[in-house]
Visitor: 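Submitted below is the structure of interest, expressed as structure tokens.
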Amino acid sequence: MLLQAAALAAIAASPGFVGWAAGAILLGLGTAMVYPVLLAVVGDVAHPTGRARAIGVYRLWRDLGYAFGALVGGFIADAFCLTPQSGRPQCSRSCRPGS
């Protein structure tokens, strides 16, 4: 999890694509180390007859978090005129060109 935290910090601090790509690779490596343990914990605490359902419910909520997190992040970035180039507001009135 420390590798994931460091990767997220690197992505947040990076001004360009190379840093974002390196951070994404580190984030993937960190997740690859953590995710099997999370599934094992869910499997360990669930009763054997409900184990498949427990893992399915866990995966459902995890995947919904990915989907809604991306949507909410996009709406927030649009509302505050954030751009990938700087991460700072680039306008005072409208984010949309020509409006």
Visitor: Which atoms form the tightest heavy-atom contact between Ala7 and Gly23, and what is the distance?
Guide: CB-O, 3.4 Å
Visitor: Quick one: list whatever passes side-chain contact (heavy atoms from CB on, under 4.5 Å) with Ala52, sequence neighbours left out.
Guide: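 Partners of Ala52 by the side-chain contact (heavy atoms from CB on, under 4.5 Å) criterion come out as none, since no residue qualifies.
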Visitor: Who else is in the cluster with Tyr66 when I, L, V, M, F, W and Y are joined by side-chain contacts under 4.5 Å?
Guide: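 Answer for Tyr66: none, a lone residue.
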Visitor: I'd like to check the side-chain contact (heavy atoms from CB on, under 4.5 Å) partners of Ala10; sequence neighbours left out, ordered by chain and number.
Guide: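 Partners of Ala10 under the side-chain contact (heavy atoms from CB on, under 4.5 Å) test: none.
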Visitor: Let me check something: do Leu8 and Val34 share a hydrophobic cluster, defined by ILVMFWY side-chain heavy atoms less than 4.5 Å apart, either directly or through other members?
Guide: no
Visitor: Rounded at 0.5 Å granularity, tell me how far OH in Tyr58 sits from CG in Leu39.
Guide: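 Tyr58 OH to Leu39 CG: 6.0 Å, rounded to 0.5 Å.
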Visitor: To the nearest 0.5 Å, how far apart are CZ in Phe75 and CZ in Phe80?
Guide: 14.0 Å
Visitor: Which other residues end up in the same hydrophobic cluster as Val18, if Ile, Leu, Val, Met, Phe, Trp and Tyr are linked when side-chain heavy atoms come under 4.5 Å apart?
Guide: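 Besides Val18, the hydrophobic cluster comprises nothing; the residue is isolated.
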Visitor: Once rounded to the nearest 0.5 Å, what's the spacing between atom CG of Leu60 and atom CD1 of Ile55?
Guide: 13.5 Å
Visitor: Output every pair passing side-chain hydrogen bond (donor to acceptor under 3.5 Å, both in side chains) with a member in residues 21-32, not counting sequence neighbours, ordered by first then second residue.
Guide: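 Those involving residues 21-32 are Gln4-Thr31.
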Visitor: I'd like to check the side chain to side chain donor-acceptor pair (under 3.5 Å) partners of Arg59; sequence neighbours left out, ordered by chain and number.
Guide: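 With sequence neighbours excluded, Arg59 shows a side chain to side chain donor-acceptor pair (under 3.5 Å) to Tyr35, given in chain and number order.
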Visitor: So if you build clusters from Ile, Leu, Val, Met, Phe, Trp, Tyr with side-chain heavy-atom gaps below 4.5 Å, do Val42 and Trp61 land together?
Guide: no
Visitor: Could you give the distance from CG (Leu27) to CD1 (Ile25), rounded to the nearest 0.5 Å?
Guide: 11.0 Å
Visitor: Measuring from atom CZ of Arg62 to atom CG of Leu64, what distance do you get when rounded to the nearest 0.5 angstrom?
Guide: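 Arg62 atom CZ to Leu64 atom CG measures 10.5 Å (nearest 0.5 Å).
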